[in-house]
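This report refers to the structure that appears directly beneath it.
Keep in mind that what you see is a predicted model, and the values were worked out from it rather than measured. Heads up: numbering here begins at 1 and tracks the sequence.
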Amino acid sequence: MPVILSAPHGGTVDIPGVEERSGGDTVAQFTTVRDINTDLLALELADALKKKLNGTPYVVVARFSRKYIDANRPAQGAYESEKARPIYDAYHQALETACKKVKSKWGSGLLLDIHGQAVQADAIFRGTLNGKSLSLLNQRFGSAALTGKHSFQKRLEEKGYLFKPDSESNEKETRFTGGYITQHYGSHTGYGIDAIQLEMGGKYTGKANRAKTASDLADAIDHHFKHFVLQDDAGNNEKK
């Protein structure tokens, strides 16, 4: 199915022979902190999508620890040991292959880059480069595709999820606008994939609520596809 799930910061596996990253003086906003449970959420969301939509999404999950590689950065700031380069390259080759396959088969698709944040446990910070990474959807449907009544975000807000910025405001994304994956693979780049970075609060990724979060995300994706991806420009439903 034309959905790609990415979780670059949830891994715990050490990379033998590779020293931990130190950051140096060139890497801005340097961190090696793990986005706890985001790898598990991505996998549970994939299972929920299989059950709900009867299709298999592309899933790229980092097993390696962020201490050694930050896959949400360009190569120059993502690792410090050349021994880590093949692993970093493998992550992005998998994403690029998925994007190309989706574009070739369906023409467009949706990439969700799943992260965690400790700023507010009950909130999800949206990152779309202020709509830029959803260029294809914006061209066809305008702002309705991002925050309208049938949008992915609005569907989740109706279920009680708190988004920053929310769909009722005209606020800009300021804190988490979208990292390298959103910047590199969003539909503004020519890949044909509309990309959203989701910075999930701990309330939604913890064991107590993770299964519900995955189910609700799957429902929102289903709703999004019915009203946007499977619609032609005149608003008629297309079979794909």
Check this for me, if you would: do Lys226 and Asp222 make a salt bridge, where the nitrogen-to-carboxylate-oxygen distance has to be below 4.0 angstrom? yes
Between Lys132 and His188, the two heavy atoms sitting closest are O-CB, 3.3 Å
Please check this pair: side chain of Glu173 against backbone of Gly131, looking for a donor-acceptor N/O pair closer than 3.5 Å. no
Does a donor on one side chain and an acceptor on the other come within less than 3.5 Å for Ser6 and Tyr91? yes
Between CG of Leu40 and CD1 of Ile114, what distance do you get to the nearest 0.5 Å? 11.0 Å
Taking the side chain as every heavy atom from C-beta outward, state whether Asn37 and Arg210 have any atom pair closer than 4.5 Å. yes
Leu112 and Leu136: same hydrophobic cluster, using ILVMFWY side-chain contacts below 4.5 Å? no
Inter-residue atom distance Leu53.CG - Phe225.CZ, 0.5 Å rounding: 8.0 Å
Is the closest basic N to carboxylate O distance between Glu96 and Lys100 below 4.0 Å? yes
Contact between Thr128 and Ser133 at the side-chain level, heavy atoms closer than 4.5 Å - yes or no? yes
State whether the number of non-hydrogen atoms from other residues, nucleotides or ligands found under 6.0 Å of Glu158 atom CD is greater than 12. yes
Within the 6.0 Å centroid threshold, strictly below: His150 and Phe141: no
Under the rule for side chain to side chain donor-acceptor pair (under 3.5 Å), what residues qualify as partners of Lys212, not counting sequence neighbours? Asp216
For His184 and Leu95, what are the C-alpha separation, side-chain angles and deciding distance, and is it a side chain to side chain contact (heavy atoms under 4.5 Å, CB included)? CA-CA 10 Å; His184 188 71; Leu95 277 179; over 6 Å; no
Nearest heavy-atom neighbours spanning Leu137 and His224: CD1-CE1, 3.5 Å
Donor-acceptor pair, distance only, cut-off 3.5 Å: does the side chain of Thr189 make one with the backbone of Gly186? yes
If you count every heavy atom of other residues, nucleotides or ligands that lies below 6.0 Å from Lys159 atom NZ, does the total exceed 12? yes
With clusters defined by side-chain heavy atoms of hydrophobic residues (ILVMFWY) lying less than 4.5 Å apart, directly or transitively, does Ile193 cluster with Leu129? no
d(Ile69 CD1, Ser81 OG) to nearest 0.5 Å is 9.0 Å
Does the pair Val18 and Ile87 meet the rule for a side chain to side chain contact (heavy atoms under 4.5 Å, CB included), with working shown? CA-CA 11 Å; Val18 175; Ile87 300 171; 6.0 Å; no
Check side chain to side chain donor-acceptor pair (under 3.5 Å) between Thr182 and all other residues, then give those that pass, not counting sequence neighbours. none
When you check the gap from the basic side-chain N to the acidic O, do Lys149 and Glu157 get nearer than 4.0 Å? no
Under 4.5 Å between side-chain heavy atoms, hopping through other hydrophobics if needed: is there a path connecting Ile36 to Leu5? no
Are the side chains of Pro8 and His115 in touch, meaning some heavy atoms are under 4.5 Å apart? yes
To check you understand the geometry: which heavy-atom pair defines the closest contact between Gln153 and Leu146, and what is its length? CB-O, 3.7 Å
Any sub-3.5 Å donor-acceptor pair from Tyr88's side-chain atoms to Arg73's backbone N or O? yes
For Ser151 and Lys154, indicate whether the former's side chain and the latter's backbone hold a donor-acceptor pair under 3.5 Å. yes
Identify, with sequence neighbours excluded, every residue that meets side chain to side chain donor-acceptor pair (under 3.5 Å) alongside Tyr204. none
Stepwise side chain to side chain contact (heavy atoms under 4.5 Å, CB included) check, Asn72 with His9: CA-CA 8 Å; Asn72 196 34; His9 291 160; 3.6 Å; yes
Rounded to the nearest 0.5 Å, how far does OG of Ser187 lie from CG of Asn138? 7.5 Å
Assess whether side chain to side chain contact (heavy atoms under 4.5 Å, CB included) is satisfied between Phe152 and Leu217, documenting all intermediate values. CA-CA 8 Å; Phe152 171 86; Leu217 286 170; 3.7 Å; yes
Within-4.5 Å side-chain heavy-atom neighbours: Tyr191 and Lys103: no
Nearest 0.5 Å please: distance from the CD atom of Glu171 over to the CG atom of Asn130. 11.0 Å
For the pair Gln117 (side chain) and Ala123 (backbone), establish whether a donor and an acceptor sit closer than 3.5 Å, ignoring hydrogens and angles. yes
Could you tell me whether the side chain of Phe163 reaches within less than 4.5 Å of the side chain of Leu198, counting heavy atoms only? yes
Please determine whether residues Leu134 and Phe125 belong to a single hydrophobic cluster, defined as Ile, Leu, Val, Met, Phe, Trp and Tyr linked transitively by side-chain heavy-atom distances below 4.5 Å. no
Within the structure provided, determine whether Arg21 and Arg66 are in side-chain contact (heavy-atom separation under 4.5 Å). yes
So do Leu162 and Lys203 actually touch side chain to side chain, heavy atoms under 4.5 Å? no
Would you call the rings of His92 and Tyr185 parallel, tilted or perpendicular, taking 30° and 60° as the class edges? parallel
Would you mind reporting whether Val119 and Lys164 have side-chain heavy atoms less than 4.5 Å apart? no
Would you give the length of the straight line joining atom CG of Leu156 to atom OG1 of Thr213, rounded to the nearest 0.5 angstrom? 9.0 Å
